[in-house]
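Report on one structure; see the data block that follows.
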Amino acid sequence: PSYLVTPGMYAAYVVAKDKAGNETRKPVSLEVTDRTITLDMLNNYIKPIVDSLKLETMSQKEQAYKIQKSLEANNTSVIMRYTDESPHDDWIRQAYLCLSGERQGDCFVFASVAQAIFRYLGYETVMVHKSEEAVRASGGAHYWVLVNFNKDDPTHDHWYHFDGCPQTGAVRDGAFY
């Protein structure tokens, strides 16, 4: 219930009633805990991934290509695998749940994990998605990340479209369109 939003212990009753009208009430204690997922919690999972990719000496575009390859489902260093549907709510939460659990998700989760990696590396990002009209026309939603590769030249923005989802037959330069 919505009134149980503050963490703590709550007293409640479980009520059971049969067809004859007999009723039993038993007191129970409910503990509500804070399930907020923070960026620091997510970064505890992102750091080992970034460390394993050995990105230090790579150009920005090479880093993105390596991140793309690590997200692909057929790669031996796979971070996660694709599933048909995940909640499209909080990107930090979905990336964390993916990396701390079954390591699977749809395009929203792939975009969330990619965004977490890029932000961990210090890049500015924006998550984008298909318009409602495009979703209706194509029959499905899709999410990507725009990444600003201006680290080498902070006076000019260099936004690239990064799609972390595994795709077969896509003609593109790494992860960029």
Side-chain angles (χ1 to χ4, degrees), residues 36-135 137-138 140-177:
T36 302
I37 296 171
T38 66
L39 190 55
D40 286 340
M41 292 168 65
L42 174 58
N43 283 342
N44 288 332
Y45 287 93
I46 296 298
K47 182 183 182 329
I49 292 169
V50 169
D51 290 348
S52 74
L53 295 176
K54 301 184 183 339
L55 304 171
E56 301 83 16
T57 61
M58 296 181 187
S59 70
Q60 294 173 354
K61 199 166 188 180
E62 289 170 333
Q63 287 179 355
Y65 185 74
K66 183 89 179 235
I67 293 166
Q68 165 67 31
K69 289 299 177 189
S70 72
L71 291 172
E72 287 182 352
N74 62 350
N75 189 291
T76 56
S77 65
V78 67
I79 293 172
M80 54 192 283
R81 68 185 195 289
Y82 189 85
T83 58
D84 285 338
E85 192 172 320
S86 299
H88 299 168
D89 51 6
D90 176 1
W91 73 269
I92 292 173
R93 179 177 180 72
Q94 291 307 316
Y96 176 86
L97 292 174
C98 170
L99 297 176
S100 66
E102 295 182 12
R103 292 189 173 244
Q104 66 183 14
D106 67 0
C107 60
F108 180 80
V109 178
F110 270 80
S112 298
V113 170
Q115 179 161 273
I117 292 170
F118 281 114
R119 288 194 178 180
Y120 181 86
L121 292 169
Y123 292 100
E124 181 182 6
T125 64
V126 176
M127 191 180 297
V128 294
H129 59 86
K130 282 184 182 180
S131 68
E132 290 299 320
E133 182 178 307
V135 169
S138 68
H142 194 67
Y143 291 79
W144 305 269
V145 177
L146 295 178
V147 183
N148 191 357
F149 287 155
N150 69 349
K151 282 180 151 184
D152 296 333
D153 182 8
T155 62
H156 295 89
D157 286 339
H158 302 281
W159 289 94
Y160 287 88
H161 168 204
F162 181 90
D163 189 346
C165 274
Q167 296 183 21
T168 56
V171 178
R172 56 187 181 178
D173 180 11
F176 305 104
Y177 290 93

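All values derive from a computational prediction rather than experimental measurement. The first residue of the sequence shown is numbered 1, and numbering continues consecutively from there.
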inquiry  = Can you confirm whether Gln60 sits close enough to Tyr123 that some side-chain heavy atom of one is under 4.5 Å from a side-chain heavy atom of the other?
reply    = yes
note = Scanning both residues in full, the closest heavy-atom pair of Leu55 with Gln63 reads O-NE2, 3.1 Å
ask   = What is the distance from atom SG of Cys98 to atom CZ of Arg93, rounded to the nearest 0.5 Å?
value = 13.5 Å
message = So Asp90 and Ile37, do their side chains get closer than 4.5 Å, heavy atoms only?
response = no
key: Residue of the set Phe149, Phe118, Tyr65, Trp144 for which side chain to side chain contact (heavy atoms under 4.5 Å, CB included) holds with Phe162   = Phe118
ask   = Side chains of Cys165 and Phe110: does their closest heavy-atom pair fall under 4.5 Å?
value = yes
task = State the CG-OG distance between Leu53 and Ser70, to the nearest 0.5 angstrom.
result = 5.0 Å
query = Is any side-chain heavy atom of Trp159 closer than 4.5 Å to a side-chain heavy atom of Glu124?
reply = yes
ask   = Are Val113 and Tyr45 side-chain neighbours, meaning at least one heavy-atom pair lies under 4.5 Å?
value = no
key: pair Tyr143-His88: side-chain heavy atoms closer than 4.5 Å   = yes
ask   = How far apart are the closest heavy atoms of Ile49 and Ser52, and which atoms are they?
value = O-OG, 2.7 Å
note = Shortest non-hydrogen pair, Met41 vs Thr36, comes out as SD-O, 3.7 Å
request  = To the nearest 0.5 angstrom, please state how far the CG atom of Leu39 sits from the CG atom of Leu42.
outcome  = 6.0 Å
ask   = Out of curiosity, Gln115 CD to Ile92 CD1, how far, rounded to the nearest 0.5 Å?
value = 8.5 Å
ask   = Going from OG1 on Thr38 to CG on Asn44, what distance comes out if it is rounded to the nearest 0.5 angstrom?
value = 8.0 Å
ask   = Is there a donor-acceptor pair closer than 3.5 Å between any side-chain N or O of Asp106 and the backbone N or O of Thr83?
value = no
task = Compare every heavy atom of Ala114 with every heavy atom of Val145, then report the nearest pair and how far apart it is.
result = CG2-CB, 4.5 Å
inquiry  = A side-chain contact here means heavy atoms from C-beta on lying under 4.5 Å apart; do His142 and Asp163 qualify?
reply    = yes
message = Testing the basics here: between Cys107 and Ala141, what is the closest heavy-atom pair and its distance to 0.1 Å?
response = SG-O, 3.9 Å
